Amino acid sequence: MTHSALSRADLAGRAEAVAPLLLGAVLESRGPQALSDPVAVRITEVEAYGSTGADPASHAHRGRTQRNAAMFGEPGHLYMYFIYGMHWCANVVCGQPDEGAAVLIRAGEVLRGVEVARLRRGGSRPDRDLARGPANLAAGLGLRGQHNDIDLFADDSPVRLLPGPRGPLSPAEVACGPRVGIRHAVDRPWRWWIVDDPTVSRHPGPRGHRPR
DNA sequence: GCGACGATCTCA
DNA sequence: GAGATCGTCGCC
C-alpha cells in the first residue's frame with residue numbers, strides 16, 4: 001500500500017490543513033550532469049506558513065515581493081528561499097493562487113540516492129542526517145534558487161512530489177507543536193512530524209521543546 | 001542607498 | 001554560544 005497520490009487540488013487548502021498531508025509523501029529530484037541520479041526523500045517534518053496578514057511568521061505576511069512571488073502562484077510549485085547567507089530551504093506552495101501560503105519541508109528520510117545526497121552534503125554522516133533540517137534537506141536534494149517556482153506536478157520537472165511508499169499515516173503516528181526558529185506567532189502549533197522518526201530535526205527550541 | 005537581521009547548522 | 005555569510009526589505 002502506498003501513500004495516496006497528492007494532487008494539486010489537495011494542496012489548495014489552508015497551509016495548516018495541507019501541511020500534515022505532506023507527511024509520508026516523497027520529494028524526488030533529478031540533478032543535471034554529474035549528479036544525475038535521482039534522490040528521493042520521504043517527508044517526515046513540515047511547517048505551515050499562512051497567507052498575507054494571517055500569519056506574522058510567514059514570508060507572505062507583508063504581501064507579495066520579488067522574493068516571495070512564488071508563494072502567490074499556483075499550488076504545487078516550489079518556493080525556494082535563501083537564509084543566513086548560506087542555506088536554501090524548500091517550500092511547497094499551497095492555498096489559492098494569490099493567497100501566499102506554503103509549507104516548509106523541514107526534514108525527510110532519504111529513500112533513494114543516498115550516495116548522491118552524501119556527496120552533496122560533504123563528509124561522512126549517518127544516513128538519517130542527510131535530509132534532517134530544512135537546509136540539509138534542500139542540500140541533499142540539490143535544491144537551490146534555480147528551482148524556485150518550478151511545478152512539482154509537471155511530468156518533465158526536475159523535482160516532483162510523489163506518493164510515499166508506506167501507506168497512509170494514522171493519527172497516532174503524527175504529532176504537532178510550535179514552529180522552529182521564528183519570532184512571531186510562536187504559539188501556533190503549525191509544525192507536524194512523524195512520531196519517533198529518527199530523521200525528524202533536532203533543535204534547541206524554546207524551553208527545551210523537543211519532538212519525541 | 002544603507003544596514004540590520006533572518007523559517008540554519010556545526011562545532012566548541 | 002558563536003561564527004559563517006549574503007539577499008531582502010524596511011526605513012532613512
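Just so we're on the same page: letters track the sequence lines, and every chain starts at 1. Note that the structure is a prediction, hence the values are computed from the model and not measured.
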Tell me the closest heavy-atom pair linking [X] and [Y], and the distance in Å.
{"X": "A:Cys89", "Y": "A:Ala135", "result": "SG-N, 4.1 Å"}
{"X": "A:Glu74", "Y": "A:Val93", "result": "O-CG1, 3.5 Å"}
{"X": "A:Leu27", "Y": "A:Leu141", "result": "O-CD2, 3.9 Å"}

| query | Does any nucleotide pair with B:dA7 by Watson-Crick or G-U wobble geometry, both distances under 3.5 Å, and what is it? | reply |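 Pairing partner, where one exists within any strand: none, as none qualifies.
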
| remark: Mate of C:dT5 across any strand shown (Watson-Crick or G-U wobble, both atom pairs under 3.5 Å) is none

Options [options], nucleotide nearest the side-chain atoms of [X]:
{"X": "A:Met86", "options": "C:dA4, B:dC9, B:dA7", "value": "C:dA4"}
{"X": "A:Arg121", "options": "B:dT8, B:dT10, C:dT5", "value": "B:dT10"}
{"X": "A:Phe82", "options": "B:dA7, B:dT8, C:dG7", "value": "C:dG7"}

| field | For A:Asp197, the option from A:Arg166, A:Arg128, A:Arg42 that meets salt bridge (Lys or Arg N to Asp or Glu O under 4.0 Å) | value |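 With A:Asp197 as partner, salt bridge (Lys or Arg N to Asp or Glu O under 4.0 Å) holds for just one option, A:Arg42.
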
| task | Remember a base hit wins even if backbone is also touched, and classify A:Asn91 as base, sugar-phosphate or nothing at under 4.0 Å, heavy atoms. | result |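 Since a base atom lies under 4.0 Å of A:Asn91, the category is base.
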
| request: Using a 4.0 Å heavy-atom cut-off across all strands, classify A:Ala57 as base, sugar-phosphate, or nothing. | output: base

| said: Donor-acceptor pair, distance only, cut-off 3.5 Å: does the side chain of A:Ser58 make one with the backbone of A:Gly50? | reply: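 Checked: pair present.
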
| field | Under 3.5 Å donor-acceptor pair, A:Tyr84 side-chain atoms to C:dA4 base atoms | value | no

Take the protein atom [atom1] of [X] and the nucleotide atom [atom2] of [N], then report the distance between them rounded to whole Å.
{"X": "A:Asn68", "N": "C:dG7", "atom1": "CG", "atom2": "C1'", "result": "13 Å"}
{"X": "A:His61", "N": "C:dG10", "atom1": "NE2", "atom2": "P", "result": "11 Å"}
{"X": "A:Ile182", "N": "B:dA7", "atom1": "CD1", "atom2": "P", "result": "8 Å"}
{"X": "A:His87", "N": "C:dG7", "atom1": "NE2", "atom2": "C1'", "result": "14 Å"}
{"X": "A:Arg106", "N": "B:dT8", "atom1": "CZ", "atom2": "C1'", "result": "9 Å"}
{"X": "A:Ile83", "N": "C:dG7", "atom1": "CD1", "atom2": "C1'", "result": "9 Å"}
{"X": "A:Leu130", "N": "B:dT10", "atom1": "CG", "atom2": "P", "result": "11 Å"}
{"X": "A:Arg67", "N": "B:dG6", "atom1": "CZ", "atom2": "P", "result": "11 Å"}

| said: For the P atoms, the ones on C:dT5 and on B:dC2, what distance do you get once it is rounded to whole angstrom? | reply: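 23 Å, rounded to whole Å.
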
| query | If only side-chain N and O atoms of A:Arg125 are considered, is one of them under 4.0 Å from the OP1 or OP2 phosphate oxygen of B:dT10? | reply | yes

